[in-house]
Trainee: 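Following this message is one structure expressed as structure tokens.
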Amino acid sequence: MPVHNRDIAQTFDQLADLLEIADANPFRVRAYRNAARSLRASGRNVADMLAEGCDLSELPDIGEDLAAKITEIVETGHLTLLEEVAQEVPRGLADVVALPGIGPKRARSLHEALGITSLDDLQRAAEDGRIARVKGFGAKTQRRILDAVTRGKTRERRFRLDVAEDYAAPLLEYIRDLEGVEKAEIAGSYRRRKDTVGDLDIVAAGSDGAKGIEGFIAYDEVARVVSRGETRSTVILRSGLQVDLRIVAPESFGAALHYFTGSKAHSIACRHRANGKGLKMNEYGLFRGDKRQTANSETEIYDALGLPWIAPVLREDRGEIEAADAGALPDLVRLEDIRGDLHMHTTASDGRNSLREMAQAAQERGYEYIAITDHSRSQTVAGGLSVEDLEAQLDDIDALNNTLEGLCVLKSSEVDILKDGTLDYPDDLLAKLDLVVASVHAGLDLDEDAQTERIIRAMDNPHVGIIGHPTGRLINARPAAAVDLERLIEAALERGCFLEVNASPQRLDLDDVACRLARDAGLALSIGTDAHAVSGLDDMRFGIGQAQRGWLGPDDVLNTRGLNDLRDLLKRA
DNA sequence: GCCGTTTTCGGCCCGACTGTTTTCAGTCG
């Protein structure tokens, strides 16, 4: 069983949790967490790197010691240190720490005072009223613990970006209209266009914070007020989405927006850089001693750090600060650069709008071309087209193209990759298409080698242009299939075909890390919406967000090309 | 345990809010 970066990252996070409860050096704890983050952010599989003889300590936040520990995990499948620490600190305490309001110190107190080693122990102790009698705890904390345990709140719940948008847009309007609020923006992972958001961070500027907070907690959708102060408040909406509002004076808005946009790692790196320049940086601004430097906007803050403004999508401490320093920030692809959409469905399969309606909607969006990619015949549940159906559709497209101005409808299909890597239509039919998007829809549980081989075999078919949603993940619903993306990228480059960034907010597949990997390898990606209705074409912005997070520029995206260039690129030797 | 605009040792981000205290530790972002 191959070891993945995320497995190693999880081991390091577990170790950090336990070390923290054991009251270890906090900087040592942080080192493990930083290493875990670094591994998750690295598109390159460290097990493969080791096999190739690479020095892992060249990765950020991985030193000699952690490189050795990674090697141990890759070679043996476990980490001796974790097992040793688990002797001292029961692993179940990590679940206790995951509860809101319980940190390492309190978990340790509960362990020492009441012998608690698991969530079950904790629940019993809370029910018996024993927790309230422990020093530092009280009735209120006990009730909160019981509430959290019984509601199973240990797992962090994240919202898909599109779902968060639905709640965020009206709330932002509401906050902007509040008395005492001059302006407001949504910061946090929402502004960074991460595929999911844990909560909404809203930053507002105003002269009367208390008044703004008062209006905020009176919002109709608020189910529970977690905290409220003079300048910040946390609430839970009826949907379960947590919202943090922070209100600062207008002159601090830029600093606060930067601070709450994060990511945490990016903010820390910026503050570190500020320290190096004798400056202190917080959500109110930049300070030299007690003297406030002008930093009313994000641009001024970066300027004071000696850097150009860095786009929020890049703020993950994945090399953007170094790139900014070197004047080598990527020129990011924008929605306006997109000249067509190469993945969409019609009523012929499982779409809700007709061929003509999809084409008109594309024209309204200023596209030069679209590809109609209805499902192939084995997708019976999705109304997959028989050979005859598809041939009829090709005639329809010819007829439609004769009536269209400025838009070319490409003949295409989202063809199933069958279990053995062959395609769902015969080659002579595929040869009649302008583009073949090949996707896996069934058999997502193959092991990594088999799945990777299967997709590469599909790419061996010279008619294939794009691999659709390469990992098959559905956010919050289905994990990514086991595929070796590095091998897929390499195979695509060798064969002259492409991978997709599926822009549907349910998928966002490839994700940001994979986009970065492809970009670094020099493989262009297609951003396709997989629209099943006219409105789905607007999902393009989500795909753009992921692509930007993966540092993609216009040249790294297939469908920024004009039609002739696109046709050339899709031609395989 | 990592790392270097503090540079190979000695640092390591910073402030708001809550609950339990009676001046602050713990947690969170």
Side-chain angles (χ1 to χ4, degrees), chain A residues 12 15-16 19-21 23-38 56-70 81 97-110 131-145 148 156 187-189 197-203 209 213 225-235 242-248 252 255-256 258-287 304-307 317 321-322 325:
Chain A
F12 284 170
L15 182 54
L19 284 172
E20 205 170 19
I21 299 168
D23 206 22
N25 177 347
F27 300 111
R28 186 176 168 220
V29 173
R30 186 191 297 172
Y32 281 105
R33 293 203 201 285
N34 287 343
R37 196 181 56 83
S38 176
L56 296 183
S57 67
E58 280 169 18
L59 290 169
D61 297 317
I62 308 287
E64 222 172 294
D65 183 90
L66 287 179
K69 289 195 168 69
I70 292 170
L81 179 62
V97 170
L99 291 170
I102 305 290
K105 298 287 193 317
R106 284 185 175 152
R108 186 179 162 86
S109 296
L110 291 170
I131 288 177
R133 295 198 290 273
V134 178
K135 189 170 157 47
F137 291 76
K140 215 161 176 176
T141 306
Q142 177 170 275
R143 198 161 52 239
R144 265 183 39 183
I145 288 174
E156 188 192 17
S189 45
V197 303
D199 57 21
L200 284 181
D201 296 297
I202 304 183
V203 179
I213 297 290
V225 177
V226 178
S227 74
R228 67 174 293 191
E230 295 282 303
T231 64
R232 83 182 289 170
S233 172
T234 298
V235 302
Q242 177 174 314
V243 184
D244 297 333
L245 174 67
R246 183 64 186 263
I247 303 185
V248 297
S252 291
H258 179 261
Y259 186 95
F260 289 101
T261 296
S263 64
K264 193 173 171 180
H266 178 86
S267 292
I268 288 175
C270 286
R271 290 199 286 277
H272 198 242
R273 191 175 166 99
N275 289 350
K277 295 181 177 296
L279 295 164
K280 188 183 75 164
M281 194 173 158
N282 59 29
E283 60 263 56
Y284 300 113
L286 276 160
F287 300 85
L305 297 176
L307 298 172
D317 195 22
I321 292 175
E322 294 79 359
D325 203 13

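Below, chains carry the letters A, B, ... as their sequence lines are ordered, and counting in each starts from 1.
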Trainee: Keeping A/Ser233 on the side-chain end and A/Gly229 on the backbone end, is there a donor-acceptor pair under 3.5 Å?
Mentor: no
Trainee: Would you mind reading off the distance between A/Asp317 atom CG and B/dC2 atom P, rounded to a whole angstrom?
Mentor: 16 Å
Trainee: Distance check needed: B/dC28 P versus A/Asp201 CG, whole Å only.
Mentor: 15 Å
Trainee: At less than 4.0 Å, is any side-chain N or O atom of A/Lys135 found next to OP1 or OP2 of B/dA25? Yes or no.
Mentor: no
Trainee: Which whole number of Å gives the distance between the C1' atom of B/dT6 and that of B/dC12?
Mentor: 11 Å
Trainee: Between B/dG10 and B/dC17, how far apart are the P atoms? Round to whole Å, please.
Mentor: 38 Å
Trainee: Taking only the C1' atom of each, what is the distance from B/dG26 to B/dG11 in whole angstrom?
Mentor: 24 Å
Trainee: If you measure from the C1' atom in B/dC14 to the same atom in B/dT21, how many Å do you get, rounded?
Mentor: 24 Å
Trainee: Could you run down nucleotides 10-18 of chain B 5' to 3' and tag each one B, S or - for protein heavy-atom contact under 4.0 Å?
Mentor: --BBBSSSS
Trainee: Give me the distance, rounded to whole Å, that separates B/dC13 from B/dG29 when you measure between the C1' atoms they each carry.
Mentor: 12 Å
Trainee: With distance as the sole test, does A/Gln242 use its side chain to make a donor-acceptor pair with the main-chain N or O of A/Asp199 at under 3.5 Å?
Mentor: no
Trainee: Taking the side chain as C-beta and beyond, is there a heavy-atom pair between A/His258 and A/His266 under 4.5 Å?
Mentor: yes
Trainee: Mind checking whether A/Asp201 and A/Arg246 have side chains closer than 4.5 Å, heavy atoms only?
Mentor: no
Trainee: Rounding to an integer number of Å, can you tell me how far A/Lys105 NZ sits from B/dT21 P?
Mentor: 18 Å
Trainee: Of all residues at least two apart in sequence or in a different chain, which pass the side chain to side chain donor-acceptor pair (under 3.5 Å) check with A/Thr261?
Mentor: A/Arg191
Trainee: I need the CD-C1' distance between A/Glu64 and B/dC2, as an integer number of Å.
Mentor: 12 Å
Trainee: For A/Lys277 and A/Ala67, find the nucleotide of DNA chain B closest to each by heavy atoms; which residue's nucleotide sits nearer the 5' end?
Mentor: A/Ala67
Trainee: P atom, B/dT23 versus B/dC28: distance in rounded Å?
Mentor: 25 Å
Trainee: Would you check if the side chain of A/Ser38 reaches a backbone N or O of A/Pro60 as a donor-acceptor pair within less than 3.5 Å?
Mentor: yes
Trainee: From CZ of A/Phe137 over to C1' of B/dT27, roughly how many Å is that when rounded to an integer?
Mentor: 12 Å
Trainee: Let's test this: given Watson-Crick or G-U wobble pairing with both distances under 3.5 Å, identify the partner of B/dC14.
Mentor: B/dG29
Trainee: Grab the CZ-P distance between A/Arg37 and B/dG1 for me, whole Å please.
Mentor: 19 Å
Trainee: So, OP1 or OP2 of B/dG19: does either fall under 4.0 Å of a side-chain N or O from A/Gln142?
Mentor: no
Trainee: Pick the C1' atom in B/dC3 and in B/dA16, then give their distance to the nearest Å.
Mentor: 30 Å
Trainee: Write down the atom of A/Gly262, the atom of A/Ser267, and the distance for their closest heavy-atom approach.
Mentor: CA-OG, 3.6 Å
Trainee: Return the value, rounded to whole Å, for the distance between atom CD of A/Glu20 and atom C1' of B/dC28.
Mentor: 12 Å
Trainee: Classify the nucleic acid contact of A/Pro60 as base, sugar-phosphate or nothing, counting any heavy atom under 4.0 Å across all strands shown.
Mentor: sugar-phosphate
Trainee: What residues, two or more places apart in sequence or in another chain, satisfy ring pair (Phe, Tyr, Trp, His ring centres under 6.0 Å) together with A/Tyr32?
Mentor: A/Phe12
Trainee: Excluding sequence neighbours, so at least two apart, what forms side chain to side chain donor-acceptor pair (under 3.5 Å) with A/Arg106?
Mentor: none
Trainee: Thinking salt bridges, do A/Glu20 and A/Arg33 make one under a 4.0 Å N-O criterion?
Mentor: yes
Trainee: Tabulate atom names and distances for all N/O pairs under 3.5 angstrom spanning the protein and nucleotides 22-24 of chain B.
Mentor:
none

Trainee: For B/dC9 versus B/dG15, give the span between their P atoms, rounded off to a whole number of Å.
Mentor: 31 Å
Trainee: Would you mind listing every salt bridge (charged side-chain N to carboxylate O under 4.0 Å, His left out) that reaches into residues 267-281 of chain A, with sequence neighbours excluded?
Mentor: A/Arg273-A/Asp325
Trainee: Roughly how many Å is it from CG in A/Asp23 to C1' in B/dG26, rounded to a whole number?
Mentor: 13 Å
Trainee: For DNA chain B, whose closest nucleotide is more 5', that of A/Tyr32 or that of A/Ile102?
Mentor: A/Tyr32
